[in-house]
> 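Just passing along the structure, written as structure tokens.
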Amino acid sequence: MLRTQGQVKPLRRKDDRIIIHFDYDCFYASVVEAENPALKSVPLAIQQKQIIVTCNYEARRHGLHKLELITEAKKACPEVVIVLGEDLTRFRNASKDLYNTIRSFSWNDKVERLGFDEVWMDITDMVDYNVELLNMNDLTTSFFQLSREDPTAGFTFDASKYAGHGFMHKSLTKHQARNEDEHLTTRLRLGSHLAMHIRHFLEEQKGYTSTVGISTSKILSKLVGNLNKPRGQTTLVPPYLVEPPDSSNVLAFMDGHDIGKVPGIGFKLSDRLREHFLGRKPEMDKGLVYGGTKEKVTVGDMRTLPGLSPQQLDKVLSGPGSTHGIGAKVFALLHGIDDSEVIEARDVPRQISIEDSYIRLDTIDEAIREMTSTSRRLVERMRIDLTEADPPSAGETGSERRRWIGRPETLRLTTRPRLPLNDDGTRTRTFKRISRSTALPGFVFNLDEHLDAIADRLVKEALLPLFKRLHPEKAGWNLSLLNVAVANMVDVGTTSKASAGRDIHSMLSRQEETLRPFQIQSSSTQLGIAPENKLSNSGSATAEAEAEAEADGVSLWEHDSEDEADEIVFFCAACKSSIPAFARAAHSRFHDRNHGA
Ligand code: DCP
Ligand code: MG
Ligand code: MG
């Protein structure tokens, strides 16, 4: 069915970017195999708690699956080698190393990680530069320049075809397929060759295979990559037009997906969409910790629903805490349009949070005690992750001084209250988090102060007031979780080696920007003082809206599986381990389940 003009017009894409999405094959298993290559040829599974978080492809050939119970896996394949993966250090390190390797190819530093094993790279600048260099009369022996400065650095390739697979939906006839955008085709071809080059580099230099998608947006590149797994790559080929719908390869490709599979439409949104489409609550498999099979409603089902419009979707999807303009965003996503940028690399995490879950936490004294110990760990974490050694100036000796390289501006307290008992004595479980934010006080940055003193003061002056806003009653509440986070990180710039050798210009311009609020400071000892010109963002509308949207799970990138990896360090005190953010929701459900209702 053709959409009316009025609805399609806002769907003009911005200038096409070329984006590559990497997904490392069976990531945790590959990390373990890299340490012990003998394991490559046997079925290998990585265990966390009672489940297999991932397994190698040898194990998959034996019928094992990701997120399967250990007991079931052993039954299906008694010879499986199981390696414990509770300690995430090795995975985090491997992830950072691979990320830095990919980043070293980038000119614009738009290289973004999702979870531990996915990376997007915006290669628009590299592709466009190289399109200019093409000899249109002899595309088959082209040269891809990997550096603007050194014309000899690069590789030869055949620009007349794609590297790897190209995806063209079968519904598009040859005739329609010819109606393609030549320029976009050329650019995507170049993108596919660069993707192949980096993919092979990762394989040969680092020993990791990956699955890659190439398209014009984050979402399309991520989705199309899935078509050839593992160790493959797929380019979504033009035509990319939105109109007419029956000759768009993008729409044809998107239409077949279950709406829940579209990144950016998380489980909450997809449930509301399913409910809207079916006209009733969808059947849900509540018994499954990791989200069960639900009734399949496809993107095509939704997209062609009579009367569908951004306004209508807004009505269906907006609720407390929902993202502004959610209807328009989802409407665009259903049409395969996603203008979200690949976020530029940074040297400090975006936020740090520490949390603990409780079977019972229902007195103010306990709450204060828990907030204090959590704060202590948080400040300790900040000192590790957000400072670097400050080289002593001439003539100075003695103990090593450190300086802050990232300064979060916001302090956030999140709790998850248990619902009161039902009449029949049962308790309805809820995963709903509530939060309040305030400006992070400057004394937290005082490196000379003892951790205990900072934690005490932080609770008294900042967290307790937030707590009272969340839970005004003296008693009557019972919390199953407390989380203290610092967010709104301002990157103060680093002098470390990690940042050396990168595009100097982009680094300088970035530093200028981020340093602006801190120009009154000159040395590390003064960093304990909050900048004079900093406005208090206590009760700031954006911070709270953000926190609440997060609490409701209605954010463009669903937290369950689509988060910012250890950009958000999440420490679960219940099992004493750091958890990558993508696994947080699943992990906390795991504890809930074991604690019982
Ligand atoms: N992971 C986890 N908990 C989850 C999901 C994933 O610990 N709930 C870990 C294990 C994986 C890594 O994160 O190795 C990436 O997960 P993916 O689901 O992307 O899967 P893999 O990379 O393991 O496999 P594939 O080859 O299918 O990409
Ligand atoms: Mg992945
Ligand atoms: Mg993977």
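Just so we're clear, the structure is a prediction, and the values are computed from it rather than from any experiment.
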> Would Asn226 and Lys261 count as a side chain to side chain contact (heavy atoms under 4.5 Å, CB included) here? Give the steps.
CA-CA 11 Å; Asn226 287 333; Lys261 291 272 156 57; over 6 Å; no
> Determine, for Phe116 and Arg92, whether the Lys NZ or Arg CZ falls below 6.0 Å from the six-membered ring centre while staying within 45 degrees of the axis.
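Here Arg92 fails the 6.0 Å and 45° test against Phe116.
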> So, do Leu440 and Asn488 sit near enough that their side-chain heavy atoms are less than 4.5 Å apart?
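They are not in side-chain contact.
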> Please report the C-alpha distance between Asn483 and Thr415 in whole Å, then the side-chain angles of each, then the deciding distance to 0.1 Å, and finally whether the side-chain hydrogen bond (donor to acceptor under 3.5 Å, both in side chains) criterion is met.
CA-CA 6 Å; Asn483 174 312; Thr415 67; over 6 Å; no
> Taking Arg103's backbone N and O only, do any of them form a donor-acceptor pair with Ser106's side chain (distance below 3.5 Å, no angle check)?
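Not a single qualifying donor-acceptor pair exists.
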> Looking at side-chain heavy atoms only, is the closest gap between Gln205 and Thr101 below 4.5 Å?
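They are not in contact (no side-chain heavy atoms under 4.5 Å apart), so the answer is no.
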> Not counting sequence neighbours, which residues clear side chain to side chain donor-acceptor pair (under 3.5 Å) with His197? List them please.
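Not a single residue meets the side chain to side chain donor-acceptor pair (under 3.5 Å) criterion with His197.
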> Using atom types as modelled and distance alone, determine if a side-chain donor or acceptor of Glu409 lies under 3.5 Å from a backbone N or O of Met489.
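No, Glu409 side chain to Met489 backbone: no donor-acceptor pair under 3.5 Å.
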> Carefully, step by step, assess Thr363 and Asp365 under the rule side-chain hydrogen bond (donor to acceptor under 3.5 Å, both in side chains).
CA-CA 5 Å; Thr363 69; Asp365 288 341; 5.6 Å; no
> In a check of side chain to side chain contact (heavy atoms under 4.5 Å, CB included) between Arg17 and each of Asp122, Val127, Asp128, Thr216, which one passes?
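So the option named by the test is Asp122.
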> Can you say whether the rings of Tyr129 and Trp107 are parallel (under 30°), tilted (30 to 60°) or perpendicular (over 60°)?
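Judged by the thresholds at 30° and 60°, the geometry between Tyr129 and Trp107 is perpendicular.
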> Would you please test Arg416 and Leu479 for side chain to side chain contact (heavy atoms under 4.5 Å, CB included) and show each step?
CA-CA 6 Å; Arg416 193 181 54 194; Leu479 310 179; over 6 Å; no
> Minimum heavy-atom separation for Gly85 to Ile46, with atom names?
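Taking every non-hydrogen atom into account, CA-CG2, 3.7 Å.
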> Indicate yes or no: does Arg113 engage Glu118 in a salt bridge with an N to O separation below 4.0 Å.
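No, this pair does not count.
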> Within this structure, what is the CD1-CG distance for the pair Ile219 and Leu333, rounded to the nearest 0.5 Å?
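Nearest 0.5 Å value for the CD1-CG distance: 4.5 Å.
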> With a 4.5 Å limit on heavy-atom distance, are the side chains of Ile123 and Phe105 in contact?
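The answer is no, as the side chains (C-beta and beyond) never meet within the 4.5 Å cut-off.
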> If only atom types and distance count, is the side chain of Thr438 paired as donor or acceptor with the main-chain N or O of Leu466 below 3.5 Å?
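Looks like no, no N/O pair under 3.5 Å.
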> Has Tyr99 got a side-chain atom pairing as donor or acceptor with Val111's backbone, closer than 3.5 angstrom?
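Yes: the side chain of Tyr99 pairs with the backbone of Val111.
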> Between atom CD1 of Ile214 and atom OG of Ser221, what is the distance when rounded to the nearest 0.5 Å?
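One gets 8.5 Å once the value is rounded to the nearest 0.5 Å.
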> Distance-only, no hydrogens or angles: does the Lys110 side chain make a donor-acceptor pair with backbone N or O of Glu341 under 3.5 Å?
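Checking the backbone N and O of Glu341 against the side chain of Lys110, no donor-acceptor pair under 3.5 Å is found.
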> For the pair Trp477 and His471, name the ring-plane relationship: parallel under 30°, tilted 30 to 60°, perpendicular over 60°.
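It falls in the tilted class, 30° to 60°.
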> Indicate yes or no: at least one non-hydrogen side-chain atom of Arg376 is less than 4.5 angstrom from one of Thr374.
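When only atoms from C-beta onward are counted, Thr374 and Arg376 do not touch, as no gap falls below 4.5 Å.
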> Once you round to the nearest 0.5 Å, how far does CZ of Arg436 lie from CZ of Arg412?
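CZ of Arg412 is found 12.5 Å from CZ of Arg436.
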> Is it possible for you to check whether Arg199 lies under 6.0 Å from the centre of the six-membered ring of Phe22, through NZ or CZ, and within 45° of that ring's axis?
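No.
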> If I take atom CG from residue Asp125 and atom CG from residue Asp109, how far apart are they, to the nearest 0.5 angstrom?
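So the gap between those two atoms works out to 10.5 Å.
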> Which is it for Ile265 and Arg272 under the side chain to side chain contact (heavy atoms under 4.5 Å, CB included) test, yes or no, and what are the steps along the way?
CA-CA 10 Å; Ile265 304 184; Arg272 288 184 202 165; over 6 Å; no
> Is the shortest heavy-atom distance from the side chain of His21 to the side chain of Val119 under 4.5 Å?
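No. Closest side-chain heavy atoms not under 4.5 Å.
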> Write down the atom of Leu202, the atom of Ser210, and the distance for their closest heavy-atom approach.
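For Leu202 and Ser210, the tightest heavy-atom pair comes out as CD1-OG, 4.2 Å.
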> Roughly how far apart are Asp448 CG and Arg401 CZ, rounded to 0.5 Å?
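These two atoms lie 9.0 Å from each other.
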> Please determine, by modelled atom types, if Arg402 and Thr387 share a side-chain donor-acceptor pair under 3.5 angstrom.
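Yes - a donor-acceptor pair under 3.5 Å links their side chains.
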> Could you check whether any side-chain heavy atom of Asp339 comes within less than 4.5 Å of a side-chain heavy atom of Ser217, counting everything from C-beta outward?
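Not in contact.
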> Measure across Ser375 and Val459 and return the closest heavy-atom pair with its distance rounded to 0.1 Å.
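It is OG-CG2, 3.8 Å.
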> After noting the C-alpha distance and the side-chain angles of Leu313 and Leu273, does the key distance pass the side chain to side chain contact (heavy atoms under 4.5 Å, CB included) rule?
CA-CA 8 Å; Leu313 282 172; Leu273 289 172; 3.6 Å; yes
> What verdict does the side-chain hydrogen bond (donor to acceptor under 3.5 Å, both in side chains) test give for Ser95 and Asp97, after you've listed the backbone C-alpha separation in whole Å, the side-chain angles of each residue and the deciding distance to 0.1 Å?
CA-CA 5 Å; Ser95 173; Asp97 183 38; over 6 Å; no
> Does any non-hydrogen side-chain atom of Met121 lie less than 4.5 Å from one of Ile102?
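Yes, close enough: below the 4.5 Å cut-off.
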> Do any N or O atoms from the side chain of Arg418 and from the backbone of Asn478 form a donor-acceptor pair under 3.5 angstrom?
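No; zero donor-acceptor contacts below 3.5 Å.
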> Heavy atoms only: give me the nearest Ser30-Asp25 pair and the separation to one decimal.
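Result for this residue pair: OG-O, 2.8 Å.
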> For Glu355, is there an ion pair with Arg433 - N to carboxylate O distance below 4.0 angstrom?
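So Arg433 pairs with Glu355 through a salt bridge.
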> Give a yes or no on whether the backbone of Asp452 and the side-chain of His450 come within a donor-acceptor separation of less than 3.5 Å.
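Yes.
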> Mind checking side chain to side chain donor-acceptor pair (under 3.5 Å) for Asp150 and listing every partner two or more places apart, or none if nothing turns up?
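For Asp150 the side chain to side chain donor-acceptor pair (under 3.5 Å) partners, ignoring immediate neighbours, are Thr152.
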> I need the minimum non-hydrogen distance between Trp120 and Val342, along with the two atoms involved.
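Heavy atoms of Trp120 and Val342 come nearest at O-CG1, 3.7 Å.
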> Can any side-chain N or O of Glu449 pair as donor or acceptor with the backbone N or O of Ile454 at less than 3.5 Å?
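Here the side-chain-to-backbone pair does not exist.
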> Hey, does Leu482 have a side-chain heavy atom less than 4.5 Å from the side chain of Leu413?
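In contact.
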> Can you give me the closest heavy-atom contact between Lys218 and Asp338, atom names plus distance?
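Reported closest heavy-atom pair: N-OD2, 3.3 Å.
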> Can any side-chain N or O of Glu112 pair as donor or acceptor with the backbone N or O of Ile343 at less than 3.5 Å?
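A pair under 3.5 Å: yes.
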> Give, for atom CZ of Phe467 and atom CD of Glu370, the distance between the pair rounded to the nearest 0.5 Å.
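Between atom CZ of Phe467 and atom CD of Glu370 there are 11.0 Å.
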